[in-house]
Amino acid sequence: MDENASPFTFSRHMILSPDFYARPTLTVARELLGARLVRLLDGIRLAGIITETEAYIGEKDLGCHAKSGKTKRNAVMYGPPGHAYVYFTYGMHWCLNAVTEAEGFPAAVLIRAILPIEGVEIIHKRRNGGDTRGPAKLTRALAIDGALNGVRLTEPSSGLWIESGLSVPDESVTVGPRVGLYTVPEPWKSMPWRFRVIDPF
DNA sequence: AGCACGATGCTCT
DNA sequence: GAGCATCGTGCTT
């Protein structure tokens, strides 16, 4: 993606910097609520407010893809913060994460839901009229797949980035266990590392 | 409104 | 060969 080809300015909403991601994963997961996920597709901005996230934190977290050490699949999580970790699952779905913490420590925040706010008609069409609540639904809506694995979320030339957005007060946030970890042992299965904005729709 | 299940193919053991 | 950080459909209450 050629940043010089874009007619848009990015000054209204600041792009989140690597420093934002180079912090404890729980902090990043909480603060990404209200931020604006932007995808530049064919020169058009598709964007949504992030309304749900989950934290995956290191090799000791048995719910995390890094639980068995570094592999080809999870290598991006071991890299520098602020990059996109995009993985394929269930034979048909892509999921988007933002890599967090220091380089060398494998951790990331899974983006689980957005509220469409720019390019809404295109997003709606890409979803066949469906919603964008669900990690694989939003990647489908924003045309995010393995080609974006490893790109920087901190610069527009990637075609995918995150900008500062709304401030979400604690009263509007619920915290609970992560989703879909059916065979993950306790305590990891029940760690309250899922963050949601209450009733944003 | 909620639960059960099949789809579908990559990754790691 | 088993296991997926899921989704949509179709069936039951």
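Bear in mind that the values here come from a model prediction, so they are computed numbers and not experimental data. Convention: sequence-line order gives letters A, B, ...; per-chain numbering from 1.
B:dG9 is paired with C:dC4 under the criterion used here, namely a Watson-Crick or G-U wobble arrangement in which both key atom distances are under 3.5 Å.
In this structure, A:Arg133 places its CZ atom 23 Å from P of C:dA5, rounding to the nearest Å. Between A:Tyr182 atom OH and C:dC7 atom P the separation is 10 Å, expressed in whole Å. Here the P atom of nucleotide C:dC4 and the NZ atom of A:Lys67 are 7 Å apart, to the nearest Å. In this structure, CE of A:Met92 is placed 16 Å from C1' of B:dT11, rounded to the nearest angstrom. A:Tyr90 has its OH atom 15 Å from the P atom of B:dG6, to the nearest Å. Rounded to a whole Å, the CG atom of A:Leu62 is 13 Å from the P atom of C:dA5.
Residue A:Arg140 is out of contact with every strand shown, counting any heavy-atom pair closer than 4.0 Å. When heavy atoms are screened at a 4.0 angstrom cut-off, A:Leu110 is found touching base atoms of the nucleic acid. A:Gly134 comes within contact range of the sugar-phosphate backbone alone, with a heavy-atom separation under 4.0 Å but no base atom that close.
If you check B:dA7, C:dA5, C:dT6 against the side chain of A:His65, the one that comes closest is C:dA5. Closest approach to the A:Arg73 side chain among C:dG8, B:dC12, C:dC4 is made by B:dC12 (side chain taken as heavy atoms from C-beta onward). Distance from the side chain of A:Ser68 is smallest to B:dT13 among B:dT8, B:dT13, C:dC7. The side chain of A:Asn97 lies closest to C:dA5 when the candidates are B:dT13, C:dC7, C:dA5.
By the 5.5 Å and 30° criteria, A:Phe88 is not stacked with the base of B:dC10. With centroids closer than 5.5 Å and planes inclined by less than 30 degrees as the test, A:Tyr56 and the base of C:dA5 pass as a stacked pair.
Relative orientation of the A:His93 and A:Tyr90 rings is perpendicular, given thresholds of 30° and 60° on the angle between their planes.
In terms of polar N and O atoms assigned as donor or acceptor, the side chain of A:Tyr87 comes within less than 3.5 Å of the base of C:dA5 in a complementary pairing.
The CD atom of A:Glu31 sits 10.5 Å away from the CZ atom of A:Phe195 when rounded to the nearest 0.5 Å. Taking CD of A:Glu101 as the reference point, atom OG1 of A:Thr25 lies at 3.5 Å (rounded to 0.5 Å).
Heavy atoms of other residues, nucleotides or ligands lying less than 6.0 angstrom from CZ of A:Arg30 number more than 12.
The closest donor-acceptor contact from the side chain of A:Thr139 to the backbone of A:Ala136 lies under 3.5 Å.
Comparing A:Val179 and A:Asp131 against DNA chain C, the residue whose closest nucleotide sits nearer the 5' end is A:Val179.
Look at A:Thr183 and you'll find a side-chain N or O under 4.0 angstrom from OP1 or OP2 of C:dC4.
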